Structures are given as C-alpha cells and as structure tokens.
Number of protein chains: 2
Amino acid sequence: MPVAEADVIAGPDPEDACCFVREHAGNRLLQLVGGCTIDYQGRAKSQLASGERLILLKPDGTLLVHSDEGVKPVNWQPPGTTTTADVRELDGDTRLIVTVERSSPDEIVTMAFDRVTMACAFDIEDWEDLELLGTEEDIQQLLRLHPDLVEEGFEPYDMELDRRRGPMDLYGHDVHGTRTVVEVKRRTAGIEEATQLARYVERERDKHEEVRGLLAAPDVSETAHKYLRDKDLEFCELDLDRLMPKVPQLHATQETLGDFG
Amino acid sequence: MPVAEADVIAGPDPEDACCFVREHAGNRLLQLVGGCTIDYQGRAKSQLASGERLILLKPDGTLLVHSDEGVKPVNWQPPGTTTTADVRELDGDTRLIVTVERSSPDEIVTMAFDRVTMACAFDIEDWEDLELLGTEEDIQQLLRLHPDLVEEGFEPYDMELDRRRGPMDLYGHDVHGTRTVVEVKRRTAGIEEATQLARYVERERDKHEEVRGLLAAPDVSETAHKYLRDKDLEFCELDLDRLMPKVPQLHATQETLGDFG
DNA sequence: CGTGCCAGGTGCCCT
DNA sequence: AGGGCACTTGGCACG
C-alpha cells in the first residue's frame with residue numbers, strides 16, 4: 001500500500017503558493033495557513049478583516065476556513081465548488097487571491113492573503129462510515145420493541161414501511177384502546193417539540209373521536225410542559241440511562257437480520 | 001512582529017508523535033494527519049473504523065476530525081476539552097493514542113493511530129470578528145425602518161429594549177388599528193415557521209379581541225401556506241432582491257450612531 | 001427538486 | 001445553568 005506523502009512548503013511567495021493551489025485544488029486535500037481577508041457573497045454576505053486562519057480545501061470541493069477558536073468554521077462552502085488561484089497587485093503588494101465559487105445558489109468566497117505561512121497537500125482516503133448509536137431512530141425502535149417503556153399496555157401500529165399514516169414517530173393505541181400519537185426526542189424537549197406533537201395530534205383529532213398525544217423525552221422544559229397541558233397532551237419521561245445500554249444489542253440484531261434480508 | 005513558524009514533522013514514530021502532541025496540545029493549533037480509529041462516547045456513542053483523517057486541535061480545546069468529504073467533521077468536541085497523548089501496545093503494534101475529553105456533559109473521543117503521516121503545529125492569531133450582513137435581524141430592522149414594506153399602513157411598536165412584549169419579531173397595528181404580529185424569515189418558510197407564528201398569535205389572541213398574524217418571508221411552502229389559512233394567518237412575501245441591497249446602509253448608519261452612543 | 005425533520009447540531013442572548 | 005431561537009445551518013429521506 002503506497003504511503004501518500006504530504007507535500008509541504010513553508011512560507012512560499014505568492015507565485016509559488018498560487019502554483020501550489022492550482023496544482024492540488026480539487027485533487028488532494030489542500031491546506032493553507034496564513035494571514036488573509038475573507039469576503040463571502042451568496043445567501044448572505046460577510047467580510048472578515050485580515051487575520052491568521054487555516055484554510056482547508058477538500059477534493060470534493062468543500063471549503064473550510066477556521067480561526068483559532070470554536071467548532072464552526074468562520075467561512076465555508078459545501079461540496080461542489082470550483083477553486084481559482086491568482087496573483088494580483090493589491091496596495092502595492094503582490095498577493096495570492098483564492099476564490100471558491102458554486103452555482104445554485106450563486107456563492108463566492110474570496111480570500112486575499114497578505115502572507116502564506118504554510119501550504120500543504122496530501123491524500124486522505126476514508127472508506128469507512130460512522131456508526132452512530134443512540135439516535136432518535138434508535139430510541140424509536142427500542143420503544144417499538146418494548147412499548148411498555150412508553151406506557152403500560154401501549155401497542156404501536158406497525159408503520160415500518162407505511163409512512164402514509166403520517167410522520168408520527170409512534171402511533172398505536174393505549175390500554176383502553178384509545179388512539180395514541182407519540183413523538184420521541186433524544187434530549188430535553190422544548191416548546192418546538194411540543195408544538196410538533198400538537199400539530200400531528202391536531203390532524204388526527206380532526207379525523208378521529210379521541211386521540212391522545214405523548215411527548216416522550218428524557219426531560220421537558222417548563223414552558224413546553226405547560227403548553228402540553230393546555231393542548232390536552234402528555235409528557236412521558238424516558239430514562240435514557242436505562243434505554244441507551246440496550247441500543248448496541250438492537251444494532252447487533254439488525255445486522256444479523258440483514259444476513260437474511 | 002514575530003512570524004510564528006510552523007513546526008512540521010513528517011511520518012513520526014508513535015513516541016515522537018506522542019511528545020509532539022503533549023508539547024503543543026492546548027497551546028498551539030495542532031494538526032495530525034494519519035490513519036486511525038475513532039471512538040466517541042458521550043451524548044451519543046460512535047465508532048469509526050480505521051481510515052485516514054485530518055485531526056485539528058485548537059488552543060481553546062476544540063477538536064475537529066475531518067475526512068476527505070463534506071463540511072461537517074466526522075467527530076468533534078467543543079471548546080474546553082483536555083487532551084491526553086499516550087503510546088500503547090495494541091495488536092502487537094506500538095500506537096499513538098490521543099484522547100480528548102470534557103465534563104458536563106461527560107464526553108470522550110479516543111483516537112488510535114496506526115500511522116501518523118504528518119504532525120504540525122503553529123500559532124494563528126485572529127482578533128477579527130466576522131461582519132455578517134443579511135441576517136434575519138437585519139431584515140427585521142429594515143422592516144422596522146420601512147414598515148410599508150410589510151404592508152401599507154403597518155406601524156410597529158418600539159420594542160427596542162422591551163422584550164416583555166414577547167419574542168415576536170415585529171408587533172404593531174395595521175392601517176385599521178388592528179394588532180398585528182409579524183414573524184420574519186430570511187428564507188422559504190415551512191411548516192415549522194408557520195407553527196411558530198401561530199404560537200405567538202395564539203398567545204396574543206388569548207389576551208386581545210382581534211389579532212392578525214403575518215409570516216413575512218421570501219417564499220412559503222404549500223403545506224405551510226395551507227396551515228396559515230387554517231389558522232386565520234397570512235403570508236407576506238418579501239422581495240429579498242430589493243431588501244438585501246439596503247442592508248449595508250443600515251449597518252453603516254448603526255456604526256455612525258455608535259459614535260454617539 | 002421541494003418539504004420536512006433530525007443533529008452528539010453550534011452559537012447567541014436572555015432570564 | 002435553563003431555555004428559546006437563528007443558522008450562509010448541514011445532511012438525509014421521501015414524495
């Protein structure tokens with residue numbers, strides 16, 4: 001297996017940096033570190049005065065501009081962009097100008113460097129997909145398998161491949177045979193989640209005599225709880241500490257089933 | 001001004017890489033490129049089989065793990081983490097293990113490298129704040145200044161420093177003196193945005209005789225439009241192409257005002 | 001493609 | 001710290 005070497009150049013002049021970008025953009029994972037101004041125009045518009053940043057250009061056309069703080073890039077562009085590098089005279093200096101643009105929506109990010117500290121490029125190949133456990137989907141499926149964790153006697157309909165019933169997470173009937181809509185959340189439910197449940201239940205109440213609505217979440221905000229009571233809906237506390245440990249088995253079971261399906 | 005040089009080492013062995021991480025983590029912007037497995041345990045849980053990735057560790061404790069595609073990091077941690085580097089025997093190989101953890105919530109990301117292609121560290125200092133134009137806040141303020149763009153004769157209350165009236169974007173009365181709540185959106189409004197307006201208006205209708213509700217957005221989904229009609233609410237189309245160009249003046253005006261305030 | 005909705009969402013501001 | 005909400009949200013699945 002060939003070890004892809006990293007090309008690194010320290011403190012290149014604008015011309016060298018420009019060639020470097022042209023050579024590797026859209027091809028390898030390209031990095032630029034240096035002082036630059038950044039302008040963005042597209043869905044919104046932004047300007048960023050000169051400062052030192054790390055620029056990442058992925059082979060798929062993704063742009064990321066990171067400052068020294070925080071998770072979110074200070075500027076970015078989604079995959080599918082095209083990159084241009086040029087050298088221009090600006091304020092009597094020769095500068096590297098890198099633009100990254102895309103269409104629909106039309107957007108452009110322009111980076112004007114007053115100094116390039118480092119440029120490097122390398123191949124990274126990643127064939128693996130992230131396996132994520134503990135999503136809302138996981139919790140839903142657990143509750144489908146163990147409906148008593150929602151409420152004693154609750155029995156969900158099988159909506160596996162029948163989304164025509166609607167976007168409800170769980171739909172079934174309670175111990176008294178009353179239709180019951182359940183909206184599942186993996187974290188503290190707020191007013192927005194309560195509203196979402198209310199909307200689903202309202203639709204069902206238009207069609208049927210009596211419909212209960214349950215918001216199943218590890219916690220609920222006070223405002224949301226009040227809203228639920230106003231709308232004749234209920235909160236159902238989920239004990240994530242008990243549920244989460246069951247998730248790995250669930251995934252294991254599904255892999256096994258996959259062998260047959 | 002001292003030019004911060006980048007420290008770069010290519011293909012370090014695990015021990016060297018370990019020292020490098022210990023030396024720079026939490027101090028400079030640290031990068032690792034190489035093949036690794038990644039495990040995350042915290043609010044959820046994830047596993048990622050061995051593949052080549054770019055790891056970024058910012059001085060503020062932010063962790064970013066990027067693969068070769070997409071805007072979102074495949075794993076991450078927000079600022080405030082602590083980093084540990086160790087060398088361990090695993091499957092008969094000596095491997096670099098880097099862990100990044102934090103508390104409240106308790107979370108840990110563990111990276112086990114089977115190869116480090118490159119490690120580098122450098123200082124980037126960025127004192128500048130992004131100036132973003134065309135946010136929802138901008139559009140709100142424009143409409144406050146030019147209420148006729150919402151509707152002929154609309155007059156908003158001055159809620160500048162009085163949030164007690166509620167979280168409504170705009171609140172005023174129309175040409176007939178009828179109370180009118182306006183929810184502003186910068187992009188196509190969907191069912192969620194319609195629901196949000198409905199919630200605000202419902203509260204006001206509980207307190208007052210007659211209240212109109214306007215969803216002001218560049219567009220609205222069909223479902224949302226229907227929902228608005230059902231709830232006796234209205235859609236108000238915003239012409240962003242006409243509004244956006246006015247935003248720069250708005251910001252300029254506010255800077256000027258800032259000189260006096 | 002539009003529309004809805006989850007996300008380990010993140011970040012901001014307010015109480 | 002809790003809570004509501006915008007975000008150049010991004011990403012996916014479905015009609």
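Remember, it's a predicted structure, so these values are computed and weren't measured experimentally.
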C:dC5 phosphate, OP1 or OP2, under 4.0 Å from A:Arg199 side-chain N/O: yes

Can you tell me how far C1' of D:dG10 sits from CD of A:Gln77, to the nearest Å? 13 Å

Quick one: is C:dC6 close enough that its OP1 or OP2 comes under 4.0 Å of any side-chain N or O from A:Lys185? yes

How many whole angstroms separate atom CG of A:Asn75 from atom P of D:dT9? 13 Å

Measuring to OP1 and OP2 of D:dG4, would you say a side-chain N or O of A:Thr223 lies under 4.0 angstrom away? yes

Atom CZ of A:Arg187 and atom C1' of D:dG2: how far apart are they, to the nearest Å? 13 Å

Atom CD of A:Glu136 and atom P of C:dG4 are separated, to the nearest Å, by 17 Å

B:Gly190 near the nucleic acid: base, sugar-phosphate alone, or nothing, with a heavy-atom cut-off under 4.0 Å? sugar-phosphate

Testing C:dC6, D:dG3, C:dA7 for proximity to the side chain of A:Thr135, the answer is C:dA7

With sequence neighbours left out, which residue pairs that include part of residues 234-254 of chain B fulfil the salt bridge (charged side-chain N to carboxylate O under 4.0 Å, His left out) condition? B:Arg212-B:Glu234

Please give, in whole Å, the distance from D:dT9 C1' to B:Lys72 NZ? 9 Å

Please state whether the phosphate of D:dG4, meaning OP1 or OP2, lies under 4.0 angstrom from any side-chain nitrogen or oxygen of B:Gln196. no

Look at the side-chain N and O atoms of A:Tyr200 and state whether any lies under 4.0 Å from the OP1 or OP2 oxygen of C:dC5. yes

Taking only side-chain nitrogens and oxygens of B:Arg43, does any of them come within less than 4.0 Å of OP1 or OP2 of C:dA7? no

Nearest whole Å is fine: how far is C:dG9 C1' from A:Arg186 CZ? 10 Å

Heavy-atom nearest nucleotide on DNA chain D taken for A:Ala224 and for B:Gly134; more 5' hit belongs to A:Ala224

For C:dT3, does OP1 or OP2 lie under 4.0 Å from any side-chain N or O of B:Thr188? no

OP1 or OP2 of C:dT10 sitting under 4.0 Å from any side-chain N/O of B:Trp76? yes

